[in-house]
Amino acid sequence: MIESTAQTEKLIDLILQNIEEIGEEQQIEIPANLSTDTALFGKHGLFDSLGLVSLVVALEQRIEDEFELSISLADERAMSQKNSPYRTIESLANYAHSLMLEKQN
Amino acid sequence: MEAPITLITGTRKGIGYFLAQYYSKAGHIVIGCSRHTIDWELPHYEHYQVDVANEEQVKLLFSSIRKKYQRLDNLINNAGIASMNHALVTPISTVEKVLNTNVIGTFLFCREGAKLMKKNHYGRIVNFTTIAVPLKLAGEAIYVASKAAVLSLTEVLAKEFADLGITVNAVGPVPIETDLIRAVPPAKIQALLNQQAIKRFGTFEDVANVIDFFLRPESNFITGQHLYLGGV
């Protein structure tokens, strides 16, 4: 369990790094005070659909580099505000973590 | 200029093998794949044994390319299978095989290819459709449906990938004397050739010529297009 928490924290770090990079790349202003429940898309979200897609793809690649695990973050609920695993930084980290656990077992 | 990194599916034989030779000779680093092993070698060529419809295997292939080259410039989705049979005697296992290779395979490679290409904000994807789509060839319902799907994929992905600097186009060959048409009766092939403006078999070079055009860096304003050979 301790390891799991550490992995989720690491994932949150990776997401934050990616947000910064994509912000620079796509010239999107990223607020300084991001929290784990910062919305990633939608009316008050950080990104438009292309930005979100970029984040998800970049995260897949980071996870592969950092954890040597190839997971697919593709999800049918991607753009549904209510149930999307990409809603917030935390939900994305948790979703990625659940896929990593599936892969590890 | 750095050598272009070109990934071609279905390179064991036929058009794919020709294209591997052609782009290796043209100075590209060519990465090829097929379901079975190959018994040949080429300079600047590396081969992977991959089932194009197997997501895990495809992801592994792209992971290797990303680790080794950090980029992909060109993707040629050549791998394809045909089925020539009356619909009433086409088993579902054949339907699944054709759709898996032609539609799912093409989609998977486009998806994973675009992920890699977007890093450089540059990429060229060429898919394979066929003149059997506009000719609505009887006796090839599933093959034609799968290649119509490839055409639609090409048109929609062109829009989705445009902002990533990636173009997606399709070439539609006429019959070429390869394994794919070996089982078709000569009279049927002749009837097909007769519907072309230029009534001859296609050649590998005809196909490479179209692909060359789509791959050119100058073709950055050409996307979502398909080009049929032979004047269909």
Side-chain angles (χ1 to χ4, degrees), chain A residues 11 14-15 17-30 40-41 45-80 84-86 92 95-105, chain B residues 5 7 31 33 48-73 75 100 103-123 125 153 156-168 223-224:
Chain A
L11 283 167
L14 294 179
I15 294 169
Q17 284 171 34
N18 282 326
I19 288 175
E20 207 167 301
E21 281 173 22
I22 292 160
E24 263 172 51
E25 205 180 280
Q26 300 185 9
Q27 293 168 340
I28 302 164
E29 211 174 306
I30 306 291
L40 291 174
F41 68 101
L46 292 175
F47 295 124
D48 61 7
S49 57
L50 182 62
L52 181 66
V53 167
S54 298
L55 173 66
V56 168
V57 170
L59 184 62
E60 274 181 10
Q61 292 174 348
R62 278 277 166 90
I63 288 172
E64 195 177 320
D65 294 341
E66 295 279 334
F67 300 100
E68 289 187 13
L69 272 178
S70 167
I71 59 164
S72 194
L73 287 168
D75 191 278
E76 282 177 15
R77 298 162 297 172
M79 291 301 173
S80 110
S84 169
Y86 311 154
L92 179 57
Y95 177 59
H97 186 233
S98 68
L99 294 178
M100 286 168 63
L101 287 179
E102 261 173 44
K103 196 89 180 190
Q104 280 162 332
N105 294 326
Chain B
I5 315 283
L7 171 60
I31 301 150
C33 68
Y48 291 81
Q49 208 178 328
V50 167
D51 172 355
V52 294
N54 182 314
E55 185 175 21
E56 203 156 324
Q57 291 179 15
V58 172
K59 283 186 78 101
L60 268 176
L61 162 66
F62 278 93
S63 168
S64 307
I65 299 171
R66 189 167 71 85
K67 280 178 187 147
K68 194 161 176 189
Y69 300 106
Q70 293 84 47
R71 68 177 224 274
L72 176 66
D73 301 306
L75 164 63
N100 276 343
V103 184
I104 294 183
T106 299
F107 175 75
L108 258 179
F109 273 75
C110 286
R111 189 187 76 187
E112 295 305 310
K115 286 180 188 175
L116 198 45
M117 288 169 169
K118 78 180 278 298
K119 285 194 152 205
N120 258 0
H121 206 74
Y122 178 91
I125 297 177
L153 264 181
V156 178
L157 294 182
K159 288 190 173 173
E160 293 195 11
F161 296 170
D163 286 341
L164 311 176
I166 301 166
T167 66
V168 192
T223 194

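Note that these values count all heavy atoms, side chains included, but never hydrogens, waters or copies made by symmetry.
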- Query: Are side-chain heavy atoms of Arg66(B) and Glu64(A) found at a separation under 4.5 Å?
  - Reply: yes
- Query: Can you find a heavy atom in the side chain of Arg111(B) that is under 4.5 Å from one in the side chain of Ser72(A)?
  - Reply: yes
- Task: Determine which residues belonging to residues 160-167 of chain B lie within contact range of chain A, meaning some heavy atom pair is under 4.5 Å apart, and list them by number or answer 'none'.
- Result: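 Only Asp163(B), Leu164(B) of residues 160-167 of chain B have a heavy atom under 4.5 Å from chain A.
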- Between Lys119(B) and Glu25(A), is there a side-chain N and carboxylate O pair less than 4.0 Å apart?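 Looking at Lys119(B) and Glu25(A), the cut-off is not met.
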- Task: To the nearest 0.5 angstrom, please state how far the OG atom of Ser63(B) sits from the CG atom of Leu69(A).
- Result: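 CG of Leu69(A) is found 11.0 Å from OG of Ser63(B).
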- Item | Under 4.5 Å from any heavy atom of chain B - which part of Gln61(A) |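 Both parts, backbone and side chain.
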In this structure, are over 12 heavy atoms from other groups packed under 6.0 Å from [X] atom [atom1]?
| X | atom1 | result |
| --- | --- | --- |
| Glu20(A) | CD | no |
| Lys103(A) | NZ | yes |
| Gln49(B) | CD | yes |

- Query: Under a 4.5 Å heavy-atom cut-off, does chain A meet the side chain of Lys118(B), its backbone, both or neither?
  - Reply: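 Side chain only.
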